[in-house]
Amino acid sequence: MADKAASPEKKSWADVEEEEEAKAKATAAAEAAAAAAAASSSSSITEPAVEEQAKQIEALSLAPSVDDAAGEEGPPLLDDSDDSQIQAVISGGTVYESATTFEDLKLSPELLKGLHDEMGFSRPSKIQAITLPMILTPPYKDLVAQAHNGSGKTTCFVLGMLSRVDPQRKIPQAICICPTRELAQQNKAVLMRMGKFTGITCACAIPPAQKDYMPISKMAPITDQIVIGTSGTLIKWITHKKLATRDIKILVFDEADHMLAEDGFRSDSERMMRDIQRSAGGCQVLLFSATFNDRVKDFVTKVIRDGNQIFVKKEELTLEKVKQYKVQVPDESAKIEVIRDKIFEFGQKVGQVIIFVRTKQSTKNVHNALTREDYVCSSIQGSLDQSEREKIIQEFKDGYTKVLISTDVLARGFDQAQVNLVINYDMPIKFGTRDEPDYEVYLHRIGRAGRFGRKGAVFNLLCGQTDNVVMKKIEDYFQHSVPEVRNWQREEDFEAALKDAGLL
DNA sequence: AAAAAAG
């Protein structure tokens with residue numbers, strides 16, 4: 001309680017790094033909106049005390065989510081003292097105390113040690129404070145939770161899995177499904193660090209590299225308590241009885257909107273859910289993502305009927321600290337020129353860069369075009385052999401390569417704090433359309449910069465009329481106007497943009 | 001016109 005009053009700057013995991021300007025103010029405001037959404041989405045408020053709390057939360061949502069410099073009029077800035085008014089969030093008639101500290105959550109000493117000593121987290125982030133009690137309190141209701149990119153969702157479900165697993169029993173008790181192998185591996189790495197002192201083990205269910213191929217019949221049954229993987233391999237392990245599902249207590253869908261989208265992994269996900277629910281009975285389902293479009297949200301709320309729900313309005317979803325820009329270029333070769341001669345000039349000084357392209361072939365083309373003796377670039381896409389994918393990711397995470405060209409394989413979830421510049425070489429388009437943006441992919445891509453409230457910049461390279469139509473639709477959708485870099489040939493214009501973003 | 005996973 002005492003530290004609550006004396007915390008003008010929010011000491012959470014956002015500031016593990018040295019940046020003191022990463023005060024996570026934007027995150028706090030945005031997450032309050034999440035809490036408000038949670039309160040308003042619950043229809044059955046009965047207890048008066050609860051109702052009052054819900055009103056407080058609702059009131060918070062009226063505060064602007066803009067911080068400094070935005071210059072918009074309106075009520076005063078939502079800061080941490082207001083923020084601390086959030087004590088409980090209710091949903092479906094169950095009351096949950098929001099957690100102020102990890103200690104409030106009655107986590108095991110081993111887990112607390114992992115959080116503090118290994119991860120360096122001092123306090124839960126907002127989404128963690130709200131969802132962890134929901135995840136960890138009986139009757140272990142299902143949960144669908146939306147929160148901003150880089151706000152700490154992974155910790156929510158990793159802690160959930162680690163807490164609900166019995167370390168003494170050497171059988172699978174928790175499963176996490178991810179859309180890409182990279183994300184599965186990353187989540188496993190986080191879980192292993194956080195659970196370092198628990199003795200809990202974890203298997204990664206992704207296809208092996210060519211050189212490690214082994215027929216499934218020769219594979220030993222899984223004895224790890226937790227399995228994290230991609231849908232195809234998980235299903236394969238289950239159908240070949242290498243992964244027993246009867247003791248699964250918790251099933252997590254990371255990037256859940258994509259895992260449940262019709263043009264995503266819905267059929268695989270439904271099959272997993274059906275099989276596990278059938279063999280394990282009442283297993284808790286957790287759905288996490290930064291995005292849930294109306295279509296998916298509609299479907300999800302039908303699937304998770306009796307669960308807790310937290311949603312964020314799409315207008316409040318863009319990260320304040322990640323400045324977006326558009327750059328008009330005459331043709332494709334100008335895109336290369338801009339990246340090489342303008343953006344790299346400054347971008348390289350600043351941190352790491354991810355360049356998103358639409359097709360696998362483009363990763364190679366752009367890679368070749370950008371390769372010069374003084375720039376170390378690498379590129380990744382899903383057709384590479386697994387060992388190659390791992391090597392490229394490792395080199396990037398180690399900071400050996402500064403510029404990574406990627407398809408949307410890395411659009412979601414990929415977490416590298418040093419990435420503060422994202423370039424949309426191609427704009428994300430819904431498959432089968434010419435000028436219909438994929439809003440969710442756009443948001444996820446730009447979320448690769450600005451992890452945990454850090455500053456970042458995005459350059460959208462626009463060439464031709466359809467690109468402009470797409471950009472305009474994106475601005476309208478998120479109700480966020482994107483300024484233009486005036487002249488693609490002027491280095492000073494890019495310098496100004498990066499300065500404005502706080503990167504220079 | 002096609003990212004992603006996997007058979």
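Every chain is numbered from 1, with letters handed out A, B, ... down the list of sequences. Computed over heavy atoms, backbone and side chain alike; hydrogens, waters and symmetry mates excluded.
Nucleic acid contact for A:R266: none, since no nucleic acid atom lies under 4.0 Å from a heavy atom of the residue. Within the 4.0 angstrom heavy-atom criterion, no nucleotide atom of any strand lies near A:G264. Counting any heavy atom pair closer than 4.0 Å across all strands shown, A:R434 reaches no nucleic acid atom. Residue A:D438 is classed as having no contact, given no heavy-atom separation below 4.0 Å to the nucleic acid.
For A:T230 and B:dA6, the shortest distance from a side-chain N or O to OP1 or OP2 is below 4.0 Å. Look at A:R181 and you won't find any side-chain N or O under 4.0 angstrom from OP1 or OP2 of B:dA3. For A:K360 and B:dA4, the shortest distance from a side-chain N or O to OP1 or OP2 is below 4.0 Å. A:S231 has no side-chain polar atom (N or O) that falls below the 4.0 Å cut-off from OP1 or OP2 of B:dA6.
B:dG7 atom P lies 4 Å from atom NZ of A:K236, rounded to whole Å. Distance A:R445 CZ to B:dA4 C1': 13 Å, rounded to the nearest Å. Atom CZ of A:F265 and atom P of B:dA3 are 13 Å apart (whole Å). Distance, A:D385 CG to B:dA5 C1': 15 Å, rounded to whole Å. Regarding A:D426, its CG atom lies at a distance of 13 Å from the C1' atom of B:dA2, rounded to whole Å. If you take CD1 of A:I429 and P of B:dA3, they are 14 Å apart, rounded to a whole angstrom. Atom pair A:Q386:CD and B:dA4:P shows a separation of 12 Å (rounding to whole Å applied). Rounded to an integer number of Å, the gap from CZ of A:F253 to C1' of B:dA4 is 16 Å.
Both the sub-6.0 Å distance and the 45° axial angle are not jointly satisfied by A:R448 relative to the ring of A:F356.
Remark: the A:K297 side chain and the A:Q146 side chain contain no N/O donor-acceptor pair separated by less than 3.5 Å.
Remark: A:K302 engages A:D298 in a salt bridge (charged side-chain N to carboxylate O under 4.0 Å, His left out) (not counting sequence neighbours).
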Derivation of the salt bridge (charged side-chain N to carboxylate O under 4.0 Å, His left out) call for A:K323 and A:D500: CA-CA 8 Å; A:K323 299 283 188 221; A:D500 184 49; 5.6 Å; no

Verdict with reasoning, A:N424 to A:Y442, per side-chain hydrogen bond (donor to acceptor under 3.5 Å, both in side chains): CA-CA 9 Å; A:N424 281 323; A:Y442 180 80; 4.9 Å; no

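Ranking B:dA6, B:dA5, B:dA4 by closeness to the A:T407 side chain, first place goes to B:dA4.
Here A:F431 does not lie in a stacked arrangement on the base of B:dA3, lacking the combination of planes under 30° and ring centres under 5.5 Å apart.
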